[in-house]
Amino acid sequence: MEFSKSLSDNVERLKQVLQTDKNFDIVYRTFEIAGKKAVLFFVDGFTKDEVLLKMMQSWWAIKEEDMPEDAHGFSKKYLPYGEIGLVKNEADMMVQLLAGISCLFIDGFEICMTIDCRTYPARGVGEPEKDKVMRGSRDGFVETLIFNTALIRRRIRDPKLTMEILTAGESSHTDIAICYMEGRQDENLLKKVKQQIQGLKVDALTMNQESLAECIYPHKWYNPFPKFKFSERPDTAAACILEGNIVILVDNSPAAMILPSSVFDIIEEADDYYFPPITGTYLRLSRMATAILCLLLTPTWLLLMMNPGIIPPWLEFVQLADPYYVPLIWQLLILEFAIDGLRLAAINTPNMLTTPLSVIAGIVLGEYSVKSGWFNSETMLYMAFVTVANYSQSSFELGYALKFMRVLILILTALFNVWGYGVGLLISVCAIVFNKTIAGKSYIYPLIPFRWSELKKRFLRGRLPMER
């Protein structure tokens with residue numbers, strides 16, 4: 001529906017649709033500009049009051065003979081601030097107003113003038129809690145989209161850096177920024193992602209990036225390995241853009257979604273590149289080795305306990321020193337779920353109580369559970385290692401994928417012994433090998449298809465490129 005030249009008609013219609021009598025934070029002010037009635041709509045808390053006040057003071061000084069005849073002329077002469085738009089459609093104006101943009105109506109003008117003097121409640125761009133580094137920049141993404149795009153622009157001062165803005169959600173109208181380097185990205189993937197976002201028929205992206213990820217790539221639920229890499233670090237996002245990846249930023253989300261991402265991309269961390277090549281290589285290889293141990297340690301130990309005859313002499317120390325009263329498989333499974341329960345409890349525990357309660361939980365689960373006969377000390381030791389090793393991965397999704405595969409191997413080993421262990425390993429390998437990235441390529445490239453030059457870069461951190 002388009003606006004009319006009658007100010008009163010436009011205002012009455014907007015007051016009815018916006019329910020200004022009920023919504024205390026939707027404010028409208030009526031005043032005069034050069035003898036013409038004018039109305040300004042804005043959302044309280046989203047507007048820079050001092051900027052709006054200065055603009056209104058300049059409008060009150062306009063003389064009747066200096067008043068332009070149309071909205072375009074008025075915007076050019078008397079709206080010098082920031083981003084100014086001319087909107088004819090009521091629906092478009094509603095979206096912009098509820099996003100925080102101020103809207104000005106003047107009697108006789110059939111166009112709404114939008115003034116972008118927004119300010120959003122935002123926290124500081126401090127170092128993210130999840131993606132910490134021992135060396136490097138200490139800034140991180142926040143929940144405000146424009147701050148996040150600015151953090152990337154600060155690092156890539158190239159006109160080829162492109163940031164396209166899209167919206168999704170019929171009620172939320174969530175802003176989504178697609179960031180890439182022109183000429184380096186996969187054009188087919190970019191086109192596919194944009195089409196999927198533009199074609200979304202959802203009411204709202206309630207869970208931000210996870211909702212978007214499930215909408216644009218409805219992958220098979222039974223394969224837990226992640227298709228996207230998430231990072232709260234702008235330096236990581238900028239590096240991925242320069243490498244030809246596509247980064248998606250969603251308003252109200254403090255993380256960047258990077259695609260396409262293989263398993264090697266997800267394993268990489270910023271610390272690999274903030275240290276010399278030999279140190280970065282060591283950190284990367286140790287992280288890969290820890291991931292393999294995290295997957296295989298407890299299933300392999302269970303297999304050895306079920307078949308003591310196959311234990312080589314140099315591994316005899318892994319045998320149980322005390323008798324057990326609860327079957328080992330149940331001990332391991334109970335601890336797997338108990339650890340997740342403790343993790344959830346730690347998240348919901350107030351900060352002032354986290355340390356004392358974690359100490360109490362450690363004592364109860366560590367010492368008293370062994371003394372009571374529920375668990376053996378060896379079981380507690382190996383599960384403690386697995387729990388700590390799981391945090392060597394920066395990706396929560398990859399950590400849980402390894403956990404699910406580990407539990408599967410444990411159950412199959414307990415049921416079918418050696419054959420179950422072998423089948424569990426085969427299923428885990430197939431879940432990775434036959435997986436595909438969102439671009440349809442191999443999940444373990446450059447292993448399949450094999451390319452030695454690229455594979456060497458995945459395992460060995462070489463020198464940073466000095467020139468293109």
Side-chain angles (χ1 to χ4, degrees), residues 1-23 25-34 36-49 51-56 58-60 62 67-120 144-146 149 163-178 194 197-198 200 203-205 251-252:
M1 179 178 177
E2 294 189 351
F3 295 114
S4 66
K5 288 188 176 182
S6 172
L7 178 66
S8 58
D9 292 346
N10 294 331
V11 172
E12 289 302 319
R13 167 68 180 168
L14 292 175
K15 287 169 61 178
Q16 181 181 358
V17 174
L18 293 170
Q19 302 183 72
T20 55
D21 56 333
K22 296 180 181 179
N23 294 312
D25 59 335
I26 298 180
V27 183
Y28 73 96
R29 289 289 178 266
T30 303
F31 51 95
E32 287 190 359
I33 300 177
K36 290 188 175 183
K37 289 185 177 181
V39 175
L40 183 69
F41 283 87
F42 59 93
V43 179
D44 192 15
F46 279 177
T47 303
K48 297 178 182 177
D49 297 335
V51 174
L52 205 57
L53 177 60
K54 290 181 179 180
M55 296 184 70
M56 293 178 70
S58 67
W59 298 337
W60 296 332
I62 300 174
M67 186 68 176
E69 296 182 356
D70 56 14
H72 180 69
F74 185 89
S75 65
K76 289 179 64 177
K77 192 171 183 179
Y78 297 114
L79 293 178
Y81 179 82
E83 299 178 22
I84 305 299
L86 301 177
V87 181
K88 297 181 179 180
N89 188 279
E90 180 185 297
D92 295 338
M93 173 264 175
M94 290 288 184
V95 173
Q96 296 194 43
L97 173 66
L98 296 176
I101 296 177
S102 302
C103 298
L104 175 65
F105 292 87
I106 299 178
D107 192 24
F109 295 171
E110 58 184 359
I111 294 178
C112 167
M113 289 165 280
T114 59
I115 308 165
D116 192 351
C117 54
R118 288 179 288 184
T119 180
Y120 286 141
T144 306
L145 181 64
I146 195 66
T149 56
M163 295 185 176
E164 298 188 39
I165 191 74
L166 303 173
T167 58
E170 295 180 4
S171 294
S172 63
H173 295 284
T174 305
D175 291 328
I176 301 170
I178 302 178
K194 289 168 62 176
I197 294 176
Q198 291 169 343
L200 288 179
D203 185 59
L205 296 179
D251 196 22
N252 298 312

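Quantities reported herein were computed from a predicted structural model and do not represent experimental measurements. For the numbers below, each heavy atom of this structure counts, side chains included, while hydrogens, waters and symmetry mates do not.
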If every non-hydrogen atom of Val87 is compared with every non-hydrogen atom of Gln96, which pair is closest and at what distance? CG2-NE2, 3.6 Å
Rounded distance [0.5 Å steps], NZ in Lys77 versus CD1 in Ile62: 8.0 Å
Glu90 side chain reached by Arg13 side chain, heavy atoms, under 4.5 Å: yes
Please find the pair of heavy atoms, one from Met113 and one from Ala71, that lie closest to each other, and give the distance. SD-O, 3.8 Å
Non-hydrogen side-chain atoms of Asp21 and Lys15 separated by less than 4.5 Å: no
Okay, side chain of Asn89, backbone of Ala91: is any donor-acceptor separation there less than 3.5 Å? yes
Filter on side-chain hydrogen bond (donor to acceptor under 3.5 Å, both in side chains), then keep only pairs touching residues 164-176, sequence neighbours left out; what's left? Glu164-Tyr180, Glu164-Lys194, Ser171-Asp203, Ser172-Thr174
Give, for atom NZ of Lys54 and atom CG of Asp49, the distance between the pair rounded to the nearest 0.5 Å. 12.5 Å
Just wondering, more than 12 heavy atoms not from Lys36 lying within 6.0 Å of its NZ? yes
Distance in Å, Asn23 CG paired with Thr20 OG1, rounded so as to fall on 0.5 Å steps: 8.0 Å
Are side-chain heavy atoms of Leu18 and Leu97 found at a separation under 4.5 Å? yes
Side-chain touch Tyr28/Ile26, heavy atoms, less than 4.5 angstrom: no
Are the side chains of Leu166 and Ile178 in touch, meaning some heavy atoms are under 4.5 Å apart? yes
Begin from the C-alpha positions of Ile84 and Ile115 and carry the test side-chain contact (heavy atoms from CB on, under 4.5 Å) through to its verdict. CA-CA 5 Å; Ile84 305 299; Ile115 308 165; 4.0 Å; yes
Please lay out, stage by stage, how Tyr120 and Ile146 fare under the test side-chain contact (heavy atoms from CB on, under 4.5 Å). CA-CA 10 Å; Tyr120 286 141; Ile146 195 66; 5.5 Å; no
With heavy-atom distances below 4.5 Å as the criterion, would you say the side chains of Phe74 and Leu79 are in contact? yes
What heavy-atom pair brings Arg29 and Phe42 nearest, and what distance separates the two atoms? CG-CE2, 4.4 Å
Side-chain donor-acceptor pairs under 3.5 Å in residues 98-112, sequence neighbours left out?
from   : atom 1 : to   : atom 2 : distance (Å)
Asp107 : OD1    : Leu7 : N      : 3.3

Hey, does Ile176 have a side-chain heavy atom less than 4.5 Å from the side chain of Ile197? yes
Hey, is CD on Glu83 packed in by over 12 heavy atoms from elsewhere, all under 6.0 Å? no
So, Ser6 and Ser8: side-chain donor and acceptor under 3.5 Å apart, yes or no? yes
Would you mind reporting whether Leu145 and Ile165 have side-chain heavy atoms less than 4.5 Å apart? yes
Assess the residue pair Ile33 and Tyr78 against the criterion (side-chain contact (heavy atoms from CB on, under 4.5 Å)); give the C-alpha distance rounded to whole Å, side-chain angles, the decisive distance to 0.1 Å, and a yes or no. CA-CA 11 Å; Ile33 300 177; Tyr78 297 114; over 6 Å; no
